[in-house]
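First up is the structure itself, then whatever we jot down about it.
Letters A, B, ... are given to chains in the order of the sequence lines, protein chains preceding strands, and every chain is numbered from 1.
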Amino acid sequence: MLRAGNLVACRSFFEGEKMKAKQYFEDALRAALTRMDLPWPEKTLIEPPRERKFGDYSANVAMLLAGPAKRKPRDLAEELAADLRGQSTHFERIEVAGPGFLNVTFAQGFWHTILDDVQAAGAAYGASALGKGRKVQVEYVSANPTGPLHIGHGRGAALGDSLARLLRKTGHDVSCEYYINDAGRQMRILGDSVWLRLRQLSGQDIPDLEDFYRGDYIKDIAARIYRENPDIFNLPESQAIDICFREAVDEILAGIKQDLRDFRVGHDVWFSEKSLVDAGKIDAAFADLAGRGLSYEQDGALWFRTTDLGDDKDRVLKKSTGELTYFASDIAYHRDKFERGFDRVIDIWGADHHGYVPRMQAAVEALGHKGQLQVILVQLVSLLKDGEQVAMSTRAGKFETLADVVAYVGADAARFLFLSRKSDSPLEFDLELVRRKSMDNPVYYVQYAHARVHSMLAKAREAGIAPAQPGAAACAHLGTPEDLELCRLMERFPDIVAAAAETLAPHVVSHYLGELAAGLHKYYTQHHVLSAGPEVASARLLLLSCVAATLAAGLELLGVSAPERMDQVSEDAA
RNA sequence: GCCCUCGUAGCUCAGUCGGAUAGAGCACAGGAUUCCUAAUCCUGGUGCCGCAGGUUCGAUUCCUGCCGAGGGCACCA
């Protein structure tokens with residue numbers, strides 16, 4: 001029952017919004033197979049073939065069916081082709097090729113309908129209801145408030161933000177969250193570090209500590225506290241350190257928030273670890289685990305029986321010193337997430353935490369939410385400047401901050417680079433390369449394509465030429481191979497968005513935008529628009545404004561601006 | 001020692017559930033602008049898809065082993 005309902009919902013969604021050509025082909029194939037009394041193979045693949053000469057779309061059904069049906073793939077394909085030729089109207093050509101591929105080419109008129117779709121949808125082009133309104137949380141960055149964000153955090157920030165955009169676009173109810181580790185050992189060290197600097201500043205001769213934060217920003221914070229609280233040395237030391245700690249966290253966190261804003265990244269919720277502790281959520285989580293028989297005490301410590309869940313070793317929740325482990329608050333935190341009603345939780349972590357993933361998965365499973373947590377690991381960013389590696393270490397105070405990098409290369413260029421690579425492979429970030437406004441820099445290639453169209457639209461307005469409305473009259477002027485190529489490219493966009501959202505991989509969008517931009521640039525050099533006569537000009541303006549809308553919709557998903565003039569871009573990276 | 005990720009063109013990287021002759025950008029060489037922005041376009045060629053087996057109509061893709069790189073195996077965070 002439920003199944004049937006879903007199927008219907010899916011169907012209407014596909015017809016309206018997903019790749020219409022693909023769906024049309026699939027429907028035709030299904031009907032043909034039914035007529036031939038053959039099943040629909042689960043592993044059927046319908047996709048644009050690598051080479052254009054094989055047509056617009058290609059299906060491998062005949063090869064999949066050949067084995068079970070004990071037939072030759074090519075014979076089967078020929079039979080299918082013959083059936084399809086007699087049944088459907090939108091195909092211009094239906095061919096059998098290679099080992100048994102069934103290749104189809106759509107008629108021009110079919111491609112022209114894309115213009116209606118893009119024009120009608122505008123900025124919403126590519127949107128879908130795939131997520132069915134499910135509540136999803138994306139937690140990302142979550143850097144300890146012990147120093148400014150560095151370039152690696154930037155990669156996670158760009159990814160998390162883009163994923164949220166993708167998930168929203170595909171019909172999910174998304175909430176972005178930043179987990180603030182403001183409890184525990186790191187925070188004690190932070191307080192101590194500021195207190196140390198403060199005492200040194202007041203003239204006390206105290207040697208540096210072994211293990212403390214030594215960045216200049218610590219000195220600055222200490223100096224400000226000293227200025228604002230000249231009598232701080234009259235307080236008991238514990239109270240003074242507490243002031244240092246609180247001031248430091250507040251200031252550093254404010255800086256982090258500012259850096260993220262400048263990078264166009266916004267979290268909906270800033271969740272404090274300390275609040276979790278204060279609200280007794282840790283104890284509640286412990287009780288939960290104990291109730292499930294998954295914890296025990298030994299050697300004065302509280303243990304989580306993760307070996308029951310496939311771990312090779314049980315893990316400590318509360319140390320014999322009474323201190324909580326990171327694991328303990330993470331369990332309580334994730335328990336809280338699901339209590340807040342999220343159907344699905346996505347965490348973005350640095351790849352150095354990958355050993356932690358199975359443990360966290362086990363914990364979530366133990367709490368009854370198996371399969372509802374997805375962890376995405378983001379690999380290291382190695383920062384290069386003039387070819388040489390720039391070292392990064394928060395503790396040592398040597399780092400290239402995100403803010404510095406963004407100021408140097410611009411948010412657009414940084415985001416585009418981060419989002420044009422798979423997150424699980426290491427990334428090389430060459431400051432000079434990313435800063436350069438040239439063709440080595442794909443972001444400008446894409447932005448330029450968008451700006452080019454708007455430049456033409458502006459010129460057209462001056463000349464009194466308006467883009468045509470979609471329809472037969474305009475489409476009669478859009479029959480060149482380049483016209484149709486742009487339509488084909490635009491038609492793929494909704495599928496690209498869906499695939500990127502499903503696989504949580506924004507880089508699919510970046511690569512697609514590169515292709516679409518290339519199509520536009522090629523078109524530009526081959527076809528004049530404004531001087532082509534009023535009717536042709538306005539038909540082409542319609543086509544190109546649809547391309548611009550698609551480019552803008554794609555860039556929006558990456559959080560990269562879609563400028564109407566390129567001189568607006570140069571101000572971004574001064 | 002055990003576990004995870006990765007290994008694709010000179011460089012940076014794509015390659016979806018196994019499909020047709022493995023792609024793009026950069027770099028290199030040559031060409032295109034009386035006309036909407038040359039931040040553009042066109043033409044050139046390069047691969048033991050780390051190695052060796054296995055699975056099958058077909059493997060860069062899946063399985064096993066090996067080599068190489070990085071990371072992880074705490075009462076650290």
Side-chain angles (χ1 to χ4, degrees), chain A residues 42-45 47 49-51 53-54 58 60 63-64 66-67 72-73 97-101 103 144 146 181 184-187 189 298-303 312-313 315-327 329-330 350-358 377 379-380 417 420-422 424-428 430 433 436-449 451-453 455-460 462-463 465 495 499-500 502-503 505 507-508 510-511 514-515 517-518 520-532 537 540-541 544 565-567 569-570:
Chain A
E42 272 314 303
K43 295 168 84 176
T44 300
L45 220 54
E47 58 185 5
R50 205 165 288 150
E51 286 187 58
K53 69 174 179 189
F54 293 128
S58 179
N60 62 345
M63 274 122 70
L64 295 171
K72 287 184 184 162
F101 287 104
N103 299 331
N144 289 351
T146 56
N181 292 112
R185 208 175 79 92
Q186 296 290 324
M187 291 301 102
I189 297 176
Q298 186 182 309
D299 305 330
L302 182 66
W303 296 74
D312 40 0
K313 182 181 181 313
R315 308 289 171 174
V316 170
L317 296 170
K318 188 189 253 177
K319 305 180 207 172
S320 52
T321 60
E323 237 177 338
L324 296 170
T325 61
Y326 222 55
F327 193 34
S329 50
D330 276 347
D352 53 339
H353 287 74
H354 78 255
Y356 200 64
V357 177
L377 298 174
Q379 275 290 350
L380 276 172
L417 181 72
S420 56
R421 304 274 189 275
K422 275 187 308 202
D424 58 359
S425 50
L427 173 83
E428 217 167 81
D430 191 310
L433 218 66
R436 209 178 301 162
K437 293 187 186 59
S438 67
M439 7 187 209
D440 334 351
N441 210 340
V443 65
Y444 298 117
Y445 185 83
V446 175
Q447 288 183 320
Y448 183 37
R452 265 192 152 166
V453 175
S455 158
M456 279 183 271
L457 289 171
K459 280 246 158 53
E462 284 172 27
I465 308 171
D495 201 46
E502 272 174 40
T503 58
H507 75 271
V508 173
S510 320
H511 285 273
E515 281 182 58
L520 182 279
H521 288 310
K522 184 171 183 169
Y523 191 95
Y524 182 89
T525 45
Q526 296 199 2
H527 299 287
H528 273 274
V529 175
L530 301 182
S531 57
R540 288 181 176 169
L541 285 171
L544 297 188
R565 300 160 52 96
M566 285 314 277
D567 51 18
V569 164
S570 26

query: Nearest of rC17(B), rC41(B), rC36(B) to any side-chain atom of Leu45(A)?
result: rC17(B)
- request: Starting at atom NZ of Lys422(A), determine the distance to atom C1' of rU61(B), rounded to an integer number of angstrom.
  value: 11 Å
Side-chain N,O (Arg452(A)) to OP1/OP2 (rA39(B)) below 4.0 Å: no
query: Just checking Asp330(A): base, sugar-phosphate only, or nothing, at a heavy-atom cut-off of under 4.0 Å?
result: nothing
query: Is any side-chain N or O of His507(A) closer than 4.0 Å to OP1 or OP2 of rG15(B)?
result: yes
- request: Considering just the side-chain nitrogens and oxygens of Lys43(A), establish if one lies under 4.0 Å of OP1 or OP2 belonging to rG19(B).
  value: no
- request: Examine rA14(B): is either OP1 or OP2 under 4.0 Å from a nitrogen or oxygen in the side chain of Ser425(A)? Give yes or no.
  value: yes
When you compare the protein's N or O atoms with those of nucleotides 21-23 of chain B, which come within less than 3.5 Å of each other, and at what distance?
| unit_1 | atom_1 | unit_2 | atom_2 | d |
| --- | --- | --- | --- | --- |
| rU21(B) | O4 | Lys53(A) | NZ | 2.4 |

query: From the list rC13(B), rC41(B), rG19(B), which nucleotide is the closest neighbour of the side chain of Arg421(A)?
result: rC13(B)
query: Are OP1 or OP2 of rA38(B) and a side-chain N or O of Tyr524(A) less than 4.0 angstrom apart?
result: yes
- request: Report the stems of RNA chain B as range-with-range entries sorted by first number; a stem here is at least three consecutive pairs, Watson-Crick or G-U wobble, both distances under 3.5 Å, and write none if there are none.
  value: B:1-7 with B:67-73, B:10-13 with B:23-26, B:28-32 with B:40-44, B:50-54 with B:62-66
- prompt: Ring of Tyr445(A) versus six-membered ring of rA39(B): centres under 5.5 Å and planes under 30°?
  reply: no
query: Would you call rC17(B) syn or anti, using the 90° rule around 0?
result: syn
message: Can you say whether a donor on the side chain of His528(A) sits under 3.5 Å from an acceptor on the base of rC35(B), or the other way round?
response: yes
- prompt: So what does Pro426(A) touch, heavy atoms closer than 4.0 Å: a base, only the sugar-phosphate, or nothing?
  reply: sugar-phosphate
message: One character per nucleotide, please: for nucleotides 69-77 of chain B, 5' to 3', B when the base has a protein heavy atom closer than 4.0 Å, S when only the sugar-phosphate does, - otherwise.
response: --BS-SBSB
message: From CG of Asn441(A) over to P of rA38(B), roughly how many Å is that when rounded to an integer?
response: 19 Å
task: Looking at every strand, decide which applies to Ser58(A) at a 4.0 Å heavy-atom threshold: base, sugar-phosphate, or nothing.
output: base
field: Heavy atoms of other groups near Lys522(A) NZ, more than 12 under 6.0 Å
entry: no
query: Is there a donor and acceptor pair closer than 3.5 Å between the side chain of Asp567(A) and the base of rA39(B)?
result: no
- prompt: How would you label the contact of Ala97(A) with the nucleic acid (heavy atoms, under 4.0 Å): base, sugar-phosphate, or nothing?
  reply: base
